[in-house]
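Report on the following structure.
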Amino acid sequence: MKVLFIGLGSISTKHIRDLVTVTNLKGIDCNITILRRKITDIPEDLRDYNIKQITELDNTFYDIAFITNPTNKHYEVLEQLQGKASYYFIEKPIFENPNYKWESLGLTSKNSYIACPLRHSQVYKELKKIVDSNKVFSARIICSSYLPEWRPDIDYRKNYSAIKALGGGVTLDLIHELDYMVGLFGIPEKVYNIHGKYSDLEIDSDDLSIYIAKYTDKLCEVHLDYFGRKYQRKCEVYTSKCTYIADFKEESIITSDGKIFKCSNNGKSNLLKEMEYFIDFVTGKELNNVNPPETGVEVLKITLGETDE
């Protein structure tokens, strides 16, 4: 299996490790190439994988292309990759602009998957069962964390998350919360969004984004920030019978009557479970694409508050 990675940042490094783990377990021979602006040293633990580095695309055809460069470069690189890969794994968000003509890139639900690791967590799967079997009146989603602690070995001010021009900012960076909201409840009728830069972080991207998503039978609130000193990633669901608090960090769901249900990933990260799913999708063992390009574009529209009345 020939695999191409576009860029070598923190997320692509994790994906490479998980890809090697999964393909080794499945007995799949995997040859990895990384397209970079310039060839430099790669992390020490990746050197045993015999990874090839290139600075320009040639006529090589790849089984999989991982689009893991900055968001504002996704469309450009996908244009260059037309006819050069069988499957695409595209990091979230799919683009920075929902009006791009993505169909012209050859992306389809059969060959392209948009990253959504939270939907592969056991917490999400159990929460989905609850939502599908109860009348939900309201939901409240929060993802709060402190940006300088995301990548301790990197100056947060120089990372793409801090730079608006590169597609940084919580509105796009934390699109996972809007993605799993759509997974749980579907496409809302209308989304109201207020976002901006409010903290003293040395960034020019937005560090706070608040949403209210309006459905015919419910409202969903979403809070995203870069400045919370206590990491929180939760979803509260209010039903006629019970209130449920799904905690992605603690891998648990707590009910209003005090019951606690552990939702363990059995030691696997959400990214590793996602990679297992994706390789099964590529090899034909998994036929359902849980996040095709059309869904990725719809979620992007919601994220940017571009839904219709």
Looking at Arg47, I'd like to know if its CZ atom is crowded, meaning that more than 12 non-hydrogen atoms belonging to other residues, nucleotides or ligands lie closer than 6.0 Å. yes
Is Asp155 atom CG crowded by more than 12 heavy atoms from other residues, nucleotides or ligands, each under 6.0 Å away? yes
Trace of the salt bridge (charged side-chain N to carboxylate O under 4.0 Å, His left out) decision for Lys129 with Glu126: CA-CA 5 Å; Lys129 293 177 185 177; Glu126 295 301 324; 3.4 Å; yes
Hey, quick one: are Ile187 and Val222 part of the same hydrophobic cluster, counting side-chain heavy atoms closer than 4.5 Å, chains of contacts allowed? yes
At what distance, to the nearest 0.5 angstrom, does CG of Leu178 lie from CG of Leu300? 10.0 Å
Is the side chain of Tyr277 donor-acceptor paired with the backbone N or O of Val290 at a distance under 3.5 Å, no angle test? yes
Tell me whether Met1 is reachable from Phe281 by hopping between hydrophobic residues (I, L, V, M, F, W, Y) whose side-chain heavy atoms are closer than 4.5 Å. yes
dist Asp173:CG -> Thr303:OG1 (nearest 0.5 Å) comes out at 11.5 Å
Within the 4.5 Å heavy-atom criterion, are Ile32 and Asn50 side-chain neighbours or not? no
Decide yes or no for Lys14 and Ser269: does some side-chain heavy atom of the first lie under 4.5 Å from some side-chain heavy atom of the second? no
Spatial distance of atom NZ (Lys234) from atom CZ (Arg140) [nearest 0.5 Å]: 10.5 Å
Does the Lys NZ or Arg CZ of Arg119 fall within the cation-pi geometry relative to Tyr180 - under 6.0 Å from the ring centre and within 45° of the axis? no
Residue pairs fulfilling salt bridge (charged side-chain N to carboxylate O under 4.0 Å, His left out) with at least one residue in residues 196-207, sequence neighbours excluded: Arg157-Glu202
side-chain contact (heavy atoms from CB on, under 4.5 Å), paired with Leu107, selected from Val297, Leu78, Ile114: Leu78
To the nearest 0.5 angstrom, please state how far the NZ atom of Lys273 sits from the CG atom of Asn265. 4.0 Å
Between OG1 on residue Thr60 and NZ on residue Lys84, distance to nearest 0.5 Å: 8.5 Å
May I have all residue pairs that pass side-chain hydrogen bond (donor to acceptor under 3.5 Å, both in side chains) and include part of residues 251-264, sequence neighbours excluded? Thr255-Asp257
Give the C-alpha distance, both sets of side-chain angles, the deciding distance and a yes or no for side chain to side chain donor-acceptor pair (under 3.5 Å) between Asn193 and Ser209. CA-CA 7 Å; Asn193 173 237; Ser209 196; 3.0 Å; yes
What class does the angle between the rings of Phe278 and Tyr113 fall in, given that below 30° is parallel, 30 to 60° is tilted and above 60° is perpendicular? tilted
For the CD1 atom on Ile154, are there more than 12 heavy atoms of other groups (residues, nucleotides or ligands in this structure) within a distance under 6.0 Å? yes
Check Tyr226, Phe227, Tyr156 against Trp150 for a ring pair (Phe, Tyr, Trp, His ring centres under 6.0 Å) and give me the one that passes. Tyr226
Can you tell me if NZ on Lys52 sees more than 12 non-hydrogen neighbours from other groups inside 6.0 Å? no
Could you go step by step and tell me if Ile6 and Leu81 meet the side-chain contact (heavy atoms from CB on, under 4.5 Å) rule? CA-CA 10 Å; Ile6 308 299; Leu81 281 170; 4.3 Å; yes
